[in-house]
K.L.:
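I have a structure here, written as structure tokens, and I will follow up with some questions on it.
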Amino acid sequence: MIESASSSSNFLRDLIETDLAAGRYDRVVTRFPPEPNGYLHIGHAKAICANFGLAAQFGGVCTLRMDDTNPTKEDIEYVESIQDDIRWLGFDWGEHFFHAADYFEQLYRYARELISKDLAYVCSQTNEEMRRDRGTVIEAGTASPDRDRPTAESLDLFARMRAGEFADGELTLRAKIDMAASNMKLRDPPMYRIRHATHHRTGDDWPIYPIYDFAHGLSDSVEGITHSFCTLEFQNNRALYDWYIENTSTLRPRPYQYEFARLVLSWTLTSKRKLLQLVTEDHVQGWDDPRMPTISGLRRRGVPPAAIRNFCDRIGVSKTNSIIEMEVFEEEIRAELNRTAPRRMVVRDPVRLVLVDWPEGTVDPLELANHPSADLGTRTVPLAGQVFVERSDFSDDPPKGWKRLSVGVEVRLRGAYLVTVNEVLRDEDGRILELHATHDHASRGGDAPDGRKVRGTIHWVPTEPSVTMNLRMVDRLFAVANPGEGDADFLDELNPASMPITEAVGEGALRDAAPGDAFQFERIGYFAVDADSTAEALVFNRAVSLRDTWAKASTAPTKGKSKARSAPVVAAATPSAEELAALAAWTEVGVSVETARMLKADAALDTLAWDAVLAGAEAKDAANLVGNELVRALDGRGTDALPFGGDAIASLASLSADGTLNQRGLRAVLAELVMSGGAPGEIVERLSLVQLSSDALTPVITAVLADHPEEAARLAGGETKLIGFLLGQVMRRTGGKADPKAARALLMQSVAGTRPSTAGKAGP
RNA sequence: UGAGGUGUAGCUCAAUUGGCAGAGCACCUGACUCUGAAUCAGGCGGUUCGAGGUUCAAGUCCUCGCACCUCAACCA
């Protein structure tokens with residue numbers, strides 16, 4: 001099992017840590033639950049890395065479960081490809097390979113349990129009726145006429161459904177929850193439907209099949225899952241997940257579902273439906289076409305599994321819907337291949353270069369390193385006076401900064417000799433036929449004995465021995481950054497040149513390359529041997545190009561900063577004269593409109609604040625305390641039965657006004673008040689919240705200043721923002737009890753005393 | 001129009017729970033180089049979605065807005 005570096009942020013990891021620390025679980029069990037109805041793609045890789053990776057990190061297990069509850073879409077072909085892909089990615093489920101179908105009996109029992117508890121019923125509505133009665137997002141649904149069917153009758157009907165007595169669609173089993181729920185998922189969702197279909201695993205044993213929401217959480221429970229991670233679109237389904245688990249006799253501790261954002265990669269698609277369409281309509285050559293974002297496609301293209309894992313680790317896991325730039329993935333592929341891929345030389349558009357002064361009939365067996373840094377050995381590239389070089393590596397009229405061949409310019413043939421072109425042979429159209437060059441025979445290996453510098457190095461291939469090959473220049477499948485966006489048909493956005501094929505000639509060592517082997521073709525890119533390649537007909541797929549800053553510089557698109565920030569400046573709704581009048585009671589005594597509004601919105605709060613004023617508090621203090629701090633302390637709790645009254649608020653206000661309490665102390669008291677009532681004065685005593693005065697603060701400030709001399713100096717130098725940092729340190733050290741105003745004054749005073757310019761004056 | 005989510009640098013994410021707004025990638029510059037690659041160093045880049053409020057101090061707390069995503073399959 002491979003553990004990823006786990007450097008990026010991942011809130012799921014934090015979540016597990018918290019659960020483990022709190023003792024909610026004594027081990028971690030996650031699961032990866034694909035539906036076997038398609039091939040895994042790069043988006044799944046994120047989920048695989050999250051589930052398997054996290055389990056491994058915490059010493060737990062991750063199960064692999066085929067979520068096969070819909071026999072009409074699923075197939076054994078997919079089950080096998082899914083396993084292959086996960087294994088190839090580097091993960092191992094051990095003996096924990098399961099199928100939701102393995103739990104059909106158990107799920108059936110849970111369903112009966114729900115019917116027995118009158119929490120489910122057999123419904124005879126048609127598909128259309130059910131849809132119509134579900135209501136809309138703003139209107140409640142209406143109950144099925146079968147909603148109150150007696151338990152015994154539902155039990156009987158359900159048994160007969162299972163026995164195969166009804167036709168497809170005739171009946172369903174529905175959970176009895178709430179037809180008026182604002183969460184549409186809760187409006188009596190179906191649990192079982194009748195499907196007389198052959199299941200890839202259970203054959204014809206079952207004429208009824210459970211639906212995702214019912215099956216999923218309960219399957220998690222059966223497997224002892226602790227953390228069930230899924231994508232954001234299931235957030236509304238969580239209520240159902242919880243409902244089924246809470247209302248059945250499932251294992252405890254129970255699993256909980258958490259959602260994260262699925263991976264969206266620019267320039268590609270990860271919709272199963274659309275990928276399937278690409279395959280079935282022959283827009284690509286299959287699920288493992290090297291242009292496909294499927295795991296098998298990436299594998300065929302030559303992307304190493306480590307690159308995918310590192311990529312998933314780098315992008316992290318969050319709940320923000322986001323689009324990852326394809327460049328990030330490509331960069332991760334380069335990083336991995338750069339480290340591991342042996343180097344070879346291949347020429348795509350060859351021009352013969354003849355060394356006219358090469359000693360007749362001699363062959364130099366040059367040894368070239370397979371990798372610039374890693375120790376991957378060497379291979380022999382024989383040189384006999386004639387080589388192929390790239391046509392594009394020669395220029396008659398070199399631009400500024402040119403580092404390649406040109407008449408009279410000395411250039412290095414990589415790992416071989418320094419050469420200078422003297423003569424260019426052309427046909428009548430001016431096309432170059434051959435380059436004639438001389439070489440420095442003393443520069444064998446690539447360095448001149450006199451140490452002269454040569455700017456350019458180009459790759460080459462001996463004319464003999466060499467091999468010809470086809471290079472599939474795999475590029476982006478789509479021509480636009482966000483295919484299928486808006487009304488666009490994604491098929492219209494396919495890149496017509498997504499995989500041009502070029503012939504090339506390569507060094508002889510390439511003949512023995514086996515399918516899957518990946519190389520860096522120097523100065524060109526990373527290529528892997530295709531699955532269909534043979535020694536007679538070599539085929540390479542480009543896994544990724546090399547970065548090319550030269551090409552970038554020459555085509556330099558004048559890129560303007562598109563500061564297209566659509567910022568609709570919406571002014572805060574100005575209160576009407578009418579509203580202002582209603583608020584006047586508060587605003588007249590100096591309370592802000594916002595706070596006044598807040599109080600007016602809740603009669604209990606308004607009364608409480610006025611009671612506090614009646615009990616002697618300053619109106620503004622009472623309003624702020626209730627309108628801001630109390631609301632915060634309430635944290636969504638109702639204001640109906642507060643265990644304290646206006647007198648408590650008044651007393652709190654005075655405690656704050658007279659300097660007994662600082663803001664933090666005030667909040668602590670308020671929290672206590674909300675929980676269990678009581679008298680503020682007594683709470684302050686009990687929790688010892690009295691803030692620290694100047695005398696008690698002096699030593700603390702001295703210590704803080706001593707511990708942070710650099711920050712102190714910067715503050716002395718005029719960086720006033722450091723006061724926040726240093727004051728924060730003081731607060732931390734005093735457990736939040738320092739009087740911030742006093743502390744601030746003392747801090748400024750001390751710093752001023754250490755200021756170099758005033759040091760003389762400050763002396764005793 | 002209901003419910004559930006999400007808004008921090010061009011992109012992806014942090015920010016010790018109220019205390020100096022940072023990192024990686026991208027981009028630019030320089031160094032180095034037998035791959036115009038890699039590597040190394042530096043730099044640019046901020047209305048923390050907006051407007052208010054509370055506080056000594058707000059990305060963080062409160063209020064009101066805005067934008068985007070998901071949900072009305074007997075799919076998952």
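Throughout, protein chains are lettered first and strands after them, A, B, ... in sequence-line order, and every chain is numbered starting at 1.
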K.L.:
When we call it a touch if two heavy atoms are under 4.0 Å apart, what does A:W460 touch: a base, just sugar-phosphate, or nothing?
P.N.:
nothing
K.L.:
Using a 4.0 Å heavy-atom cut-off across all strands, classify A:K741 as base, sugar-phosphate, or nothing.
P.N.:
sugar-phosphate
K.L.:
Please tell me if A:K319 has a side-chain N or O lying less than 4.0 Å from either OP1 or OP2 of B:G4.
P.N.:
no
K.L.:
Tell me the interatomic distance from A:L666, atom CG, to B:C61, atom P, rounded to whole angstroms.
P.N.:
18 Å
K.L.:
By the 4.0 Å heavy-atom rule, please label A:P34 as base, sugar-phosphate, or nothing.
P.N.:
nothing
K.L.:
Do A:R667 and B:G18 have a side chain to base donor-acceptor pair shorter than 3.5 Å?
P.N.:
yes
K.L.:
Hey, does A:L727 reach any base, or is it just sugar-phosphate, or nothing, if we go heavy atoms under 4.0 Å?
P.N.:
base
K.L.:
Is A:T126 touching bases, backbone alone, or none of the nucleic acid, heavy atoms closer than 4.0 Å?
P.N.:
base
K.L.:
Should A:S592 be listed as having a side-chain N or O under 4.0 Å from OP1 or OP2 of B:U54?
P.N.:
no
K.L.:
Once you apply the 3.5 Å cut-off to both distances, tell me the Watson-Crick or G-U wobble partner of B:U48, or none.
P.N.:
none
K.L.:
Using a cut-off of strictly less than 4.0 Å, decide whether A:R238 has a side-chain nitrogen or oxygen near OP1 or OP2 of B:U70.
P.N.:
no
K.L.:
Work out how far the C1' atom of B:G18 is from that of B:G2, and round it to whole angstrom.
P.N.:
34 Å
K.L.:
Whole-Å distance between B:U12 P and A:F11 CZ?
P.N.:
16 Å
K.L.:
Could you go step by step and tell me if A:L634 and A:V674 meet the side-chain contact (heavy atoms from CB on, under 4.5 Å) rule?
P.N.:
CA-CA 7 Å; A:L634 250 22; A:V674 167; 3.8 Å; yes
K.L.:
Using ring centroids (six-membered ring only for Trp), state whether A:F234 and A:Y212 fall under 6.0 Å.
P.N.:
yes
K.L.:
Only pairs with both distances under 3.5 Å count, Watson-Crick or wobble alike; so what is the partner of B:G2 in this structure?
P.N.:
B:C71
K.L.:
Under 3.5 Å, is there an N or O donor on one side and an acceptor on the other linking the side chain of A:R714 and the base of B:C20?
P.N.:
yes
K.L.:
Here's a test for you: under side chain to side chain donor-acceptor pair (under 3.5 Å), which of A:R31, A:Q257, A:R238 qualifies with A:S228?
P.N.:
A:R31
K.L.:
Provide the Watson-Crick or G-U wobble partner of B:A9, both distances under 3.5 Å; none if there is no partner.
P.N.:
none
K.L.:
Could you work out the separation of B:A3 and B:G45 based on their P atoms and round it to a whole Å?
P.N.:
43 Å
K.L.:
For the pair A:F725 and A:H708, name the ring-plane relationship: parallel under 30°, tilted 30 to 60°, perpendicular over 60°.
P.N.:
perpendicular
K.L.:
Nearest whole Å is fine: how far is B:U35 C1' from A:R412 CZ?
P.N.:
11 Å
K.L.:
Any strand counts, and the cut-off is 3.5 Å on both contacts for Watson-Crick or G-U wobble. Which nucleotide pairs with B:C61?
P.N.:
B:G53
K.L.:
If you look at every strand shown and take non-hydrogen atoms under 4.0 Å, does A:E327 touch a base, only sugar-phosphate, or nothing?
P.N.:
nothing
K.L.:
Determine the contact category for A:K73: base if any of its heavy atoms lies under 4.0 Å from a base atom, sugar-phosphate if only primed atoms, P, OP1 or OP2 are that close, otherwise nothing.
P.N.:
base
K.L.:
So A:G401, base contact, sugar-phosphate only, or nothing? Heavy-atom distance under 4.0 Å.
P.N.:
base
K.L.:
Quick check on A:E618: does its CD atom have over 12 non-hydrogen neighbours (other residues, nucleotides or ligands) under 6.0 Å away?
P.N.:
no
K.L.:
Whether A:R547 contacts B:A38 is assessed here as follows: a side-chain N or O lying under 4.0 Å from the phosphate OP1 or OP2. Is that the case?
P.N.:
yes
K.L.:
Taking any strand in view, what nucleotide pairs with B:U33 in a Watson-Crick or G-U wobble way, both distances under 3.5 Å?
P.N.:
none
K.L.:
Mind telling me whether B:U48 is syn or anti, cutoff 90° either side of 0?
P.N.:
anti
K.L.:
Which whole-number value in Å describes the distance from A:R664 CZ to B:G18 C1'?
P.N.:
7 Å
K.L.:
Using a strict heavy-atom distance below 4.0 Å, which residues from residues 188-196 of chain A are in contact with RNA chain B?
P.N.:
A:P190, A:R193, A:R195
K.L.:
Counting side-chain heavy atoms from C-beta on, which of B:G5, B:U35, B:U6 comes nearest to A:T457?
P.N.:
B:U35
K.L.:
Could you check whether any side-chain N or O of A:S406 sits under 3.5 Å from a backbone N or O of A:S395, counting only pairs where one atom can act as donor and the other as acceptor?
P.N.:
yes
K.L.:
When all nucleic acid strands are considered with a 4.0 Å heavy-atom cut-off, which category describes A:I723: base, sugar-phosphate, or nothing?
P.N.:
nothing
K.L.:
Walk me through whether A:Q520 and A:Y526 qualify under side-chain hydrogen bond (donor to acceptor under 3.5 Å, both in side chains).
P.N.:
CA-CA 4 Å; A:Q520 185 199 97; A:Y526 295 96; 3.1 Å; yes
K.L.:
Using a distance-only criterion (donor-acceptor N/O pair, under 3.5 Å, no hydrogens), is the base of B:C25 paired with the side chain of A:E331?
P.N.:
no
K.L.:
Are a donor atom and an acceptor atom from the side chains of A:R65 and A:H99 found within less than 3.5 Å of each other?
P.N.:
no
K.L.:
Kindly point out which of B:A38, B:G2, B:A3 is positioned nearest to the side chain of A:N338?
P.N.:
B:A38
K.L.:
Just say parallel, tilted or perpendicular for the rings of A:H44 and A:F32, cut-offs at 30° and 60°.
P.N.:
perpendicular
K.L.:
Counting heavy atoms from C-beta on, name the nucleotide in B:C20, B:G2, B:A76 closest to the side chain of A:S182.
P.N.:
B:G2
K.L.:
Using the C1' atom as the reference point in each nucleotide, state the distance between B:U54 and B:U60 in Å, no decimals.
P.N.:
14 Å
K.L.:
May I ask which nucleotide in the shown strands pairs with B:C28, Watson-Crick or G-U wobble, both distances under 3.5 Å?
P.N.:
B:G42
K.L.:
According to a cutoff of under 5.5 Å between the ring centres and under 30° between the ring planes, does A:W550 stack with the base of B:G36?
P.N.:
yes
K.L.:
With heavy atoms under 4.0 Å as the rule, sort A:N127 into base, sugar-phosphate or nothing.
P.N.:
base
K.L.:
Which nucleotide in the list B:U63, B:G2, B:U54 gets nearest to the side chain of A:E629?
P.N.:
B:U54
K.L.:
Could you tell me whether A:N37 contacts a base, only the sugar-phosphate backbone, or nothing, with contacts defined as non-hydrogen atoms closer than 4.0 Å?
P.N.:
nothing
K.L.:
Looking at A:K272, I want to see if its NZ is surrounded by more than 12 non-hydrogen atoms of other residues, nucleotides or ligands under 6.0 Å.
P.N.:
yes
K.L.:
What does A:Q520 touch in the nucleic acid at a heavy-atom separation under 4.0 angstrom: a base, only the sugar-phosphate, or nothing?
P.N.:
base
K.L.:
Could you check whether A:T136 gets within reach of a base, just the sugar-phosphate, or nothing at all, counting any heavy atom under 4.0 Å?
P.N.:
base
K.L.:
Specify the separation, in whole Å, of atom CG of A:L265 and atom P of B:U12.
P.N.:
12 Å
K.L.:
Give a yes or no on whether the ring-centroid distance for A:F214 and A:Y192 is below 6.0 angstrom.
P.N.:
yes
K.L.:
What is the separation between atom CE on A:M731 and atom P on B:U55, rounded to the nearest whole Å?
P.N.:
15 Å
K.L.:
Is the distance from OP1 or OP2 of B:C74 to the nearest side-chain N or O of A:R174 less than 4.0 Å?
P.N.:
no
K.L.:
Looking at A:N183, I'd like to know whether one of its side-chain N or O atoms comes within less than 4.0 Å of OP1 or OP2 on B:G4.
P.N.:
no
K.L.:
For B:A21, is chi within 90° of 0 (syn) or not (anti)?
P.N.:
anti
K.L.:
Over how many whole Å does the gap from A:L670 atom CG to B:C61 atom P extend?
P.N.:
17 Å
K.L.:
Might you confirm whether atom CE of A:M184 has over 12 heavy atoms from other residues, nucleotides or ligands at distances under 6.0 Å?
P.N.:
yes
K.L.:
Calculate the interatomic distance between A:R314 atom CZ and B:C11 atom P; express it in whole Å.
P.N.:
17 Å
K.L.:
Which nucleotide sits closest to the side chain of A:L722: B:C20, B:G36, B:G10?
P.N.:
B:C20
K.L.:
When you get a sec, tell me which of B:C62, B:G5, B:A76 is the closest nucleotide to the side chain of A:R632?
P.N.:
B:C62
K.L.:
Would you state whether a donor and an acceptor, one from the side chain of A:R404 and one from the base of B:G36, lie under 3.5 Å apart?
P.N.:
yes
K.L.:
Within the 4.0 Å heavy-atom criterion, would you say A:S322 contacts the bases, only the backbone, or no part of the nucleic acid?
P.N.:
sugar-phosphate
